[in-house]
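Read the numbers this way: they start at 1 and go in the same order the structure lists the ligands and their atoms. One-based numbering along the sequence shown.
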Amino acid sequence: MKKALIIAVLAGCGAVLSSQPKADYPAVPVPFTDVHLSDAFWAPRLETNRAVTIPHILRQLEESRRVENFQRAAIAMASHAEGQFCSLYPFDDSDVYKTIEAASYALATRPDPALSKQLDALIAKIAASQEPDGYLYTARTIGGPPPQPWVGKERWSYLYMSHELYNVGHLYEAAAAHVQATGQRNLLDIAVKSANLVAKEFGPGRRTNPPGHEEIEIGLVKLYRATGDVKYLDLAKFFIDARGRTEGRIPYDRDGKTELLYGQYAQDDKPFVDQTEAVGHAVRAGYLYAGAADVAALRQDRAYVAALERIWADVVGKKLYITGGIGAEGEWEGYGPAYRLPNETAYAETCANIATFLWNSRMLRLGLDAKYADVMERILYNGVLSGLSLSGDRFFYPNPLASSGKHQRTPWFKCACCPPNVARVLTSVPGYFYAASNDSVYVNLYAQGAATLSVNGTPLRLRQQTEYPWKGEIAIEVEPARPLAFGLHVRVPGWAQNRPVPSDLYSYVGPPAGTPTLRVNGEQVTPPIEKGYAVIARTWKAGDRVELSLPMPVRRVAANPAVEDDRGRVAIERGPLVYCLEGPDNGGEVATRVLPDAAVLTPEARPDLLNGVVVIKAAGEAPGLTLIPYYAWANRGASNMEVWIKRQ
Ligand SMILES: [Zn+2]
């Protein structure tokens with residue numbers, strides 16, 4: 001069903017509390033359904049995700065009895081008898097929703113009647129588990145002994161940890177994806193019924209406790225976009241504004257103490273607009289910041305933007321692993337203090353890296369500054385891809401930067417948030433490549449393929465030819481339906497401008513690597529660089545061709561001396577990829593290896609290795625060392641690994 005029709009169906013449903021926003025992000029991403037990647041790097045990964053990862057996760061949802069929880073909830077309601085929740089965590093419901101989101105994205109790009117039927121069967125089970133007033137949380141509907149002691153009997157009674165609002169946030173995201181992919185509203189109806197109940201229970205003068213685990217904010221904005229009902233957007237803003245404020249809160253018991261706020265762990269120690277640092281559980285934090293960026297765009301909220309920019313500067317300046325990993329502390333799965341970035345014990349949960357990727361994609365649309373794309377690209381190619389095996393059916397939860405052989409990807413986890421998260425990001429990855437406004441087109445990421453979009457109503461086709469990320473030559477063919485004036489914003493990555501990250505947290509060692517060059521129809525041009533983009537403004541006609549050449553030598557990176565764990569060490573990068581030393585290429589042992597500054601480092605294409613990679617060979621003072629892309633480690637069994645290598 002198309003959006004206009006959905007709006008018509010829902011008109012008159014619920015009181016309108018505020019006006020429809022007139023504003024939005026200044027640039028709209030070109031949806032993943034309109035971007036086709038045909039390259040050797042992403043296209044096979046997307047196919048593995050569709051053919052292996054999503055079916056694998058769907059099987060795991062059944063085998064781990066997450067799906068059965070929905071059936072048990074339906075039985076408990078029909079029989080008026082308590083049952084028994086049959087997996088481990090009350091947030092297990094959310095894994096089912098996230099998988100439906102991933103599968104819906106797959107359906108949107110490629111019809112698959114069998115998968116579609118499978119989703120409909122799942123959705124029918126979810127519908128049957130929903131209480132008549134819209135409440136949806138199987139752990140409570142089933143009744144019986146709670147899966148965890150912190151799930152109370154009463155609805156909304158322990159939001160600090162219950163995840164009941166977190167779960168439905170993922171439901172709303174899944175519903176928005178599913179209706180977009182299939183035109184069917186079977187899941188959207190469930191989401192709307194749930195969100196209407198939440199909107200009735202929570203708000204000014206009613207319940208004011210925000211969710212302990214953020215996510216519903218992102219989901220509510222997507223539900224607003226899918227239905228046009230502004231009350232969902234208002235509720236998202238209400239939950240964000242409720243953080244760090246005690247007014248109207250129902251107290252809860254934490255370890256025998258009565259509390260109102262949830263503290264730093266849940267970004268609830270002070271109001272969001274007063275927050276200055278990234279703290280606490282990193283997935284919670286990332287989803288809060290992403291949701292706040294959505295609301296900031298739709299409500300033109302400058303206080304939100306200011307808070308987001310402060311927090312972003314704190315992350316990128318002091319708390320970001322070179323791999324784009326987020327979260328130094330396993331104890332609370334989250335941010336540590338400034339500059340504390342241990343390598344072997346790094347948490348860098350796949351979901352935290354993804355949440356921060358999603359947040360940066362929104363900051364990019366909000367600020368139209370390529371520094372956000374630099375962070376996105378670093379996270380995507382390194383910290384997100386490392387979460388998934390090359391085979392597509394093994395996963396990492398933490399993504400450490402060093403290993404003494406104890407880390408192994410596994411097919412599933414008892415706490416299984418990461419696998420469906422990586423699946424939903426991979427299926428939608430083409431949607432992060434391009435964006436457009438009325439007079440500008442933004443090229444944010446590089447891979448061979450084609451995109452169709454429109455600028456001021458005129459259809460436009462863009463075609464990239466490149467072997468990125470292995471080579472830095474990129475040709476972009478511009479094909480408007482008729483001659484068309486607009487500014488083509490071509491991202492010149494920070495790494496090609498001698499700046500690995502937009503902060504002083506990391507810097508390249510040695511002389512600059514050469515200058516990126518641009519040609520338009522064969523002629524070299526030097527357009528102004530605005531916010532990290534080379535802006536080529538002209539009247540484009542079919543057949544115009546832009547060539548960007550990014551020098552891609554092997555670079556040594558040093559961390560800010562304040563990062564104790566990286567002192568006296570270097571990391572190796574080439575283009576957007578971070579490299580590592582792994583046991584199988586280096587005689588088993590890597591922790592004691594030394595890479596002196598004088599050692600010569602040379603890239604070497606190895607189509608036979610790890611599905612085809614460019615390795616880096618050391619010669620001269622460190623003969624025999626071979627580095628592989630970080631994302632590809634741990635695909636040959638358990639082994640030692642090191643990103644930060646001793647310089648002497
Ligand atoms: Zn996770």
Side-chain angles (χ1 to χ4, degrees), residues 49 53-54 56-58 60-61 64 66 87-102 147-148 161-163 165-167 169-171 173-174 211-216 218-219 265-267 278 280-291 320-321 323-336 345-360 379-380 382-389 392-401 407-429 631 634:
N49 188 48
T53 309
I54 291 173
H56 168 83
I57 295 173
L58 282 165
Q60 295 289 340
L61 293 176
S64 66
R66 280 164 168 73
S87 61
L88 196 57
Y89 295 109
F91 48 79
D92 290 345
D93 292 1
S94 68
D95 300 328
V96 178
Y97 304 144
K98 260 190 279 184
T99 308
I100 295 176
E101 184 187 347
Q148 296 292 329
M161 286 302 282
S162 70
H163 292 75
L165 294 174
Y166 163 86
N167 282 0
H170 279 302
L171 168 71
E173 285 206 79
H213 195 315
E214 301 91 328
E215 157 62 26
I216 195 171
I218 297 175
Y265 171 72
Q267 302 77 41
H281 188 278
V283 183
R284 293 172 191 241
Y287 289 160
L288 167 64
Y289 308 149
L320 180 75
Y321 280 104
T323 52
I326 294 288
E329 309 287 348
E331 201 184 323
W332 57 86
E333 304 189 309
Y335 285 104
T345 61
Y347 204 64
E349 178 186 340
T350 304
C351 287
N353 307 349
I354 287 172
T356 311
F357 169 81
L358 296 174
W359 170 35
N360 273 276
I379 300 175
L380 182 63
N382 304 288
V384 171
L385 281 186
S386 65
L388 180 67
S389 69
D393 56 359
R394 297 284 186 279
F395 307 91
F396 266 144
Y397 198 114
N399 291 270
L401 284 81
H407 302 88
Q408 271 271 53
R409 290 194 186 83
T410 60
W412 195 243
F413 307 98
K414 281 188 173 136
C415 174
C417 48
C418 298
N421 222 351
V422 78
R424 71 181 180 136
V425 166
L426 276 187
T427 33
S428 53
V429 121
Y631 73 75

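Using a distance-only test at 3.5 Å, with no hydrogens or angles considered, no donor-acceptor pair links the side chain of Asn382 to the main chain of Gly324.
Asn399 and Thr323 share no donor-acceptor pair across their side chains, judged by distance under 3.5 Å alone.
The Zn ion (ligand 1) has Cys418 among its coordinating residues (N/O/S atom, backbone or side chain, under 2.8 Å).
Around the Zn ion (ligand 1), the angle linking Cys351 (SG) with Cys417 (SG) is 110°, rounded to 10 degrees.
A perpendicular orientation is assigned to the rings of Tyr166 and Phe91, their planes being inclined by more than 60° (bins at 30° and 60°).
Inter-residue side-chain proximity for Phe395 and Thr410 is flagged as unmet; no heavy-atom pair is nearer than 4.5 Å.
Distances from the Zn ion (ligand 1) to the N/O/S atoms of Glu349 are shortest for OE2.
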